Amino acid sequence: MDHLSSIFNGISRSFSIYKTKNLKNCDGREAVEAMEKDAKKNELILITSGTVNVDRSQNSASVFSKRGQKGQNQDCCIVWEEFGCQEDMMFCGIFDGHGPWGHFVAERVRESMPSSLLRNWQETLIEASLDPNFDLESDRNVRKFNIWKHSYLKTYAAIDRELEQHRKINSFNSGTTASTIVRQGELIFIANVGDSRAVLATMSETGKLEPVQLTMDFKPNLPQEAERIIQCKGRVFCLQDEPGVHRVWLPDEESPGLAMSRAFGDYCVKNFGLVSVPEVTQRHITSEDQFVVLATDGVWDVISNEEAVEIVSSTAERAKSAKSLVKFAVHSWKKKRKEIAMDDISAIVLFFHTSPSSSLCDQIYPSLPN
């Protein structure tokens, strides 16, 4: 029960933060807001390009975002180290907005997601602990996953409802993806809506880093997605000048033409098969697992999973790894898709272990591809 005790000690520590601020009779929402404010003060939260690397943590993260050629950058990111006052926890999220209000929607979801998830996780954990049959140490990973999955589903549903009622953000024809990761000790929990992607780099038996895709790109032509949309009277098809690009359309109108099957916002098609329900998965991190790349489709449209792992591994300084990946994607857009306006391009690279020697990186990947 030592691990369970440490979790509750962390929650108690979170409540102590705002008790010391003389906040009496405050609820869980105020507690989490105080925690977030304290984390920002201690530079544990990053929402711009940069790095997060706390001395007492094995985690480190590199973040970089570049505006495309379509107007304002609608991508945004967040990294929160010591998430929930837990020294072994980190939250990473990347959001890709679309539509005329897409940047506002993405920023709003980024603002709401971590604190809402943390609050729901704490409440779910406490509720579960009150069950006389609850034993976190029995099938620990399964129970942890169920708690996080319940918290994620509750959080995503609540945020989507709040967006619809937001007085200052018009989400009727605008929305955002949301791909997030929580690392808790040697487990990572991944939740995904939309077509941003998480890719793990793990060492194979032959000593080479290989990619493992952790999320699904939720495109409208996926069988289970198309079936749901069609059952809800929505339509899925490609335009003649965009072969292979499947989009979601209203029953009787040539709009909105959404190129994903799950998203926050986009209420014009929420009754016709579009959902904001995340796919939630988990993975146990081993010594072979080195890092995760979390990136928007501005990266994945022009760079393969294998290339992304190679680029990050070949970057001598971890702090520059996300920037290297984004710069390579920019180069690839100009080379492979020069007839199309470049999309916004953003990436987070989350490293799991202390930095290896440069010689090891050189052995894995001696140089970048041409």
Side-chain angles (χ1 to χ4, degrees), residues 74-78 91-121 124 148-182 189-198 214-236 246-250 255-281 294 296-297:
Q74 294 188 311
D75 289 356
C76 60
C77 313
I78 185 169
F91 175 89
C92 300
I94 200 160
F95 312 90
D96 182 357
H98 53 265
W101 289 71
H103 53 294
F104 293 112
V105 178
E107 289 172 0
R108 179 60 184 171
V109 174
R110 177 186 64 183
E111 179 184 337
S112 303
M113 179 73 69
S115 57
S116 179
L117 177 62
L118 181 57
R119 185 171 65 254
N120 285 323
W121 173 72
T124 303
W148 277 112
K149 183 176 182 179
H150 177 81
S151 304
Y152 261 123
L153 293 173
K154 187 176 180 181
T155 297
Y156 276 53
I159 291 176
D160 204 45
R161 287 194 301 269
E162 291 169 5
L163 268 176
E164 187 175 19
Q165 299 167 4
H166 202 287
R167 295 181 178 180
K168 296 182 179 181
I169 299 176
N170 184 350
S171 302
F172 188 73
N173 285 296
S174 300
T176 185
T177 71
S179 297
T180 63
I181 291 176
V182 171
F189 304 92
I190 310 104
N192 184 49
V193 158
D195 57 2
S196 296
R197 187 187 303 171
L214 299 177
T215 57
M216 181 182 297
D217 299 345
F218 283 110
K219 301 292 188 181
N221 60 314
L222 290 174
Q224 72 273 21
E225 302 296 290
E227 181 181 2
R228 182 187 67 246
I229 293 166
I230 293 170
Q231 285 181 347
C232 294
K233 308 303 181 183
R235 296 181 296 161
V236 177
H246 293 80
R247 298 180 181 275
V248 181
W249 307 89
L250 289 168
S255 68
L258 192 63
M260 63 196 72
S261 57
R262 302 190 188 197
F264 285 102
D266 295 302
Y267 299 106
C268 62
V269 283
K270 273 284 161 69
N271 292 329
F272 301 100
L274 184 79
V275 298
S276 60
V277 179
E279 176 190 53
V280 184
T281 57
L294 195 61
T296 59
D297 65 343

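Since the structure is predicted, the reported quantities are computational estimates derived from the model, not experimental observations.
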Do the non-hydrogen side-chain atoms of [X] and [Y] ever get within less than 4.5 Å of each other?
X: Ile159; Y: Phe264; result: yes
X: Ser261; Y: Leu222; result: no
X: Phe272; Y: Leu250; result: yes
X: Trp148; Y: Val182; result: yes
X: Asp160; Y: Lys270; result: yes
X: Ile230; Y: Arg235; result: no

Kindly give the heavy-atom pair with the smallest separation between [X] and [Y], and that separation in Å.
X: Val193; Y: Pro278; result: CG2-CA, 3.5 Å
X: Gln224; Y: Met216; result: NE2-SD, 3.5 Å
X: Pro114; Y: Phe91; result: CG-CE2, 3.6 Å
X: Val269; Y: Pro256; result: CG1-CD, 3.4 Å

Please check: side-chain N/O of [X] versus main-chain N/O of [Y], any donor-acceptor pairing under 3.5 Å?
X: Asn221; Y: Ala226; value: no
X: Arg247; Y: Leu258; value: no
X: Lys149; Y: Thr281; value: no
X: Asp217; Y: Lys219; value: no

How long is the straight-line distance from [atom2] of [Y] back to [atom1] of [X], given to the nearest 0.5 Å?
X: Ile229; Y: Trp249; atom1: CD1; atom2: CH2; value: 12.5 Å
X: Phe189; Y: Ile181; atom1: CZ; atom2: CD1; value: 12.0 Å
X: Glu227; Y: Cys232; atom1: CD; atom2: SG; value: 10.5 Å
X: Ser115; Y: Asn120; atom1: OG; atom2: CG; value: 9.5 Å
X: Thr180; Y: Leu294; atom1: OG1; atom2: CG; value: 8.0 Å
X: Ser276; Y: Leu163; atom1: OG; atom2: CG; value: 9.0 Å

Answer yes when Asp195 and Arg262 have at least one side-chain N-carboxylate O distance shorter than 4.0 Å, and no when they do not.
no
Test: Arg228 and Glu225 ion pair at under 4.0 Å
yes
Below 30° counts as parallel, above 60° as perpendicular, anything between as tilted: where do the rings of Tyr156 and Tyr152 land?
perpendicular
Using side chain to side chain donor-acceptor pair (under 3.5 Å), reason through Ser196 and Thr296 one step at a time and then give a plain yes or no.
CA-CA 4 Å; Ser196 296; Thr296 59; 5.5 Å; no
Can you give each donor-acceptor pair under 3.5 Å made by side-chain atoms of residues 94-110, sequence neighbours left out, with the distance rounded to 0.1 Å?
from   : atom 1 : to     : atom 2 : distance (Å)
His98  : NE2    : Asp266 : OD1    : 3.3
His98  : NE2    : Asp266 : OD2    : 2.6
His103 : NE2    : Gln72  : OE1    : 3.4
Arg108 : NH1    : Glu111 : OE2    : 3.2
Arg110 : NH1    : Ile47  : O      : 3.3
Arg110 : NH1    : Cys77  : O      : 3.3

